[in-house]
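Down below is the structure, laid out as structure tokens.
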Number of protein chains: 2
Amino acid sequence: MSTPAAKITIRDVADRAGVAISTVSHAFSGSRPISRATRERVLRAARELGYDPNPSARSLRTGRSGIVGLVLRPRYAVTGTPDRAETFNRLVGSVATEMLRRKTGLIHVPDIDDPSVARVPMDGCIVAHPYGNDPVLTELTRRGIPVVTVEEDPERPELPWAVRLDYPKVVSALLDHLREQGARRIALFTGTEDNAWNRRTRETYLAWSARRRRSTRVEVLSEGLTPEEAMREVRACLRERRRPDAIVMATSDFAAPAAGVAAELGLHVPDELMIASLTDSEHSRTASPPITAMDLNHELLAERAVELMLARLSGADEPAEALVIEPVLNLRASTRRG
Amino acid sequence: MSTPAAKITIRDVADRAGVAISTVSHAFSGSRPISRATRERVLRAARELGYDPNPSARSLRTGRSGIVGLVLRPRYAVTGTPDRAETFNRLVGSVATEMLRRKTGLIHVPDIDDPSVARVPMDGCIVAHPYGNDPVLTELTRRGIPVVTVEEDPERPELPWAVRLDYPKVVSALLDHLREQGARRIALFTGTEDNAWNRRTRETYLAWSARRRRSTRVEVLSEGLTPEEAMREVRACLRERRRPDAIVMATSDFAAPAAGVAAELGLHVPDELMIASLTDSEHSRTASPPITAMDLNHELLAERAVELMLARLSGADEPAEALVIEPVLNLRASTRRG
DNA sequence: TTGAAAGCGCTAACAA
DNA sequence: TTGTTAGCGCTTTCAA
């Protein structure tokens, strides 16, 4: 509180210690031998003056900042519902926690397309849930910034600096479970966001249905809909004569409302209608009945992505292919008959 | 993908456009009149070359980075349990979301004390849940970095750039509720972290008890304990002859285990023992019975803190006193008799 | 309306 | 072992 916050530079320290500024620099970095006496004089001067190095100057000079960026792509990540917030908070929190552990700064990159936004110095950037041919990936690559993605760009699945989710395995397991519980007509309510999550889960549903020689039904529901709007769609579907006896909702935000629609129509869950969702949240856990959901395992995604990024920044070889981890299937009462 | 990531500087753009570098700078910033023709030539050259300004150079020159830092003080925020993670993820996520909305970069500051860590350029810093006389606050202030705190430093409650929680009101309401439900002997299991949360809630408990002429019992449980260790303490307490008939656990991590202990001892919750906690989490919501909890309202804390910070950075006057918001009391079955 | 040039604070190459 | 100095890329003052 006492010190006037006048900015102390390396030159002030050098003057005070009676040495050259390069000596001060080296005394801090240890990048060349300094006599004990000099080093101590320098460090004391720095301490007395309250010196701390200017990170911008250092970055400008060295070309590195020690900061990694994080971009959350899904449009509805920010403006979304509490459920969506939960999902993305988990990812952000986990990435932050991992980076803290590794002593590297993590910066949330606001909007990389908007030039009015303060650009930010970063050595690398983690992009979460990219879109197909995501322009942010293209832009970052153009800028020469090393990128690691959480989930692959669905149009560029070959990019090796990525950690992916094994949707075919887990979504198939979910569908098998529904079948075992007696579902005959499974409908999928998919989203409009063109990312790996929507694409791969849809593909898996179609492939699984083809394998089982089952007819399919895919309804598209924008992630931007209100629950009421989503309910309207679900209601229309459930009122049909040959209505599905199981529905898989992509976002858990719409799964609990779907259960509400079922109740309203007098359809018992799970006996007359099973409901599952492809993300998990408070909403699905506490609905009545609790809703079966696939959890994207953001904690593990984050951990792996950070590892990958730090490896990349320290010059590791490009991996042969993306790292694959598994989502977690949480079976609950909404799909368990009898 | 095609462009070799050679770094384009303002000089390259100036050369290409056939103007001076200062003209390029002004063409971008608009800080002095430029002829239409020149401006367009410059912008085209920049576009063609794929120029983007170096943020470190800009910060070095202007002294501002457009980045705000975030420091989470509680020791157990990072290494903690899933519950703790939930709590802090909510805060981090909310702050990040708010900053995104305001188009300002947010950086997670790793360890401000550790000099080996890359220092980071920030115009201001939000410090969440500071300790009493928190050295991080002191250090940031010494460095001349404007600080806003989420919760006050309990030893320096007079610092006005803060958003605080009205613990006396809500904790008293909780205790009143317990009393109305028939609790005669309420014990508090407080934490060891010396922050406003522990301090103020403890003070409120003691003051409330004094007002009601009730005897008090405060047990101290480190936030670093495992649930098993915490259970041991709770068990010992509940085995006593004159055991409490209501316990308030500071962290929700230990509240659900406490319910486990009650079950083990054959004590019915809430009829023979009421349980409440001073943070909320998945754990408390889904315990059986669900546990009454005070929610710190991290979303609102974050929103207000960000507003305060941006105000401070744009030169707003120092407020007369800290902003006060209310925690939310979630009453659940663990404290509702009959 | 534009250009030239100083200099932000630091690191590293080169000299002594 | 230490000092001198160029220059990282930008903004801004001063001149033209």
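Note on naming: letters A, B, ... go to the chains in the order of the sequence lines (proteins, then strands), and numbering restarts at 1 for each one. These numbers come from a predicted model, not from an experiment.
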message = Distance check needed: dG9(D) C1' versus Asp15(B) CG, whole Å only.
response = 14 Å
ask   = Heavy atoms under 4.0 Å, any strand shown: does Thr62(A) hit a base, just sugar-phosphate, or nothing?
value = sugar-phosphate
Gap between atoms CD1 and C1', on Ile34(B) and dT11(D) respectively (whole Å) = 13 Å
ask   = Heavy atoms under 4.0 Å, any strand shown: does Ser29(A) hit a base, just sugar-phosphate, or nothing?
value = nothing
inquiry  = Taking the axis from the first five pairs and the axis from the last five, what angle separates them in the helix from dT1(C)-dA16(D) to dA16(C)-dT1(D), rounded to 10 degrees?
reply    = 40°
remark   = In whole angstroms, the gap separating P of dT11(C) from CG of Asn54(A) amounts to 10 Å
task = Just call it for Phe28(A): base, sugar-phosphate, or nothing, with non-hydrogen atoms closer than 4.0 Å on any strand.
result = nothing
key: Donor-acceptor pair under 3.5 Å, Ser25(A) side chain vs dA12(C) base   = no
Length of the CD1-P vector between Ile21(B) and dT13(D), whole Å = 15 Å
message = Does the plane of the ring in His298(A) sit parallel, tilted or perpendicular to the ring in His129(A)? Use 30° and 60° as the thresholds.
response = perpendicular
message = How many whole angstroms separate atom CZ of Arg61(A) from atom C1' of dT11(C)?
response = 5 Å
Earlier contact from the 5' end, DNA chain C, for Ser56(A) and Arg64(A) = Ser56(A)
query = Whole Å only: how far is the CG atom of Leu49(A) from the P atom of dG9(C)?
reply = 14 Å
ask   = Mind checking what makes side-chain hydrogen bond (donor to acceptor under 3.5 Å, both in side chains) contact with Glu98(A), not counting sequence neighbours?
value = Arg101(A)
ask   = When we call it a touch if two heavy atoms are under 4.0 Å apart, what does Thr9(B) touch: a base, just sugar-phosphate, or nothing?
value = sugar-phosphate
message = Can you tell me which nucleotide in dT1(D), dT1(C), dG9(D) comes closest to the side chain of Thr38(A)?
response = dT1(D)
key: Ionic contact status for Arg199(A) with Glu152(A), cut-off 4.0 Å   = no
query = OP1 or OP2 of dG3(D) sitting under 4.0 Å from any side-chain N/O of Ser22(A)?
reply = no
query = Please give, in whole Å, the distance from dC14(D) C1' to Arg32(B) CZ?
reply = 10 Å
note = Only one of Val306(A), Ile126(A), Val95(A) passes side-chain contact (heavy atoms from CB on, under 4.5 Å) with Leu106(A), and that residue is Val95(A)
query = Do any N or O atoms from the side chain of Glu193(B) and from the backbone of Arg75(B) form a donor-acceptor pair under 3.5 angstrom?
reply = yes
inquiry  = Nearest to the side chain of Ser35(A), heavy atoms from C-beta on, is which of dG3(C), dT1(D), dG9(C)?
reply    = dT1(D)
key: Nucleotide dC8(D), atom P - distance to CG of Leu60(A) in whole Å   = 9 Å
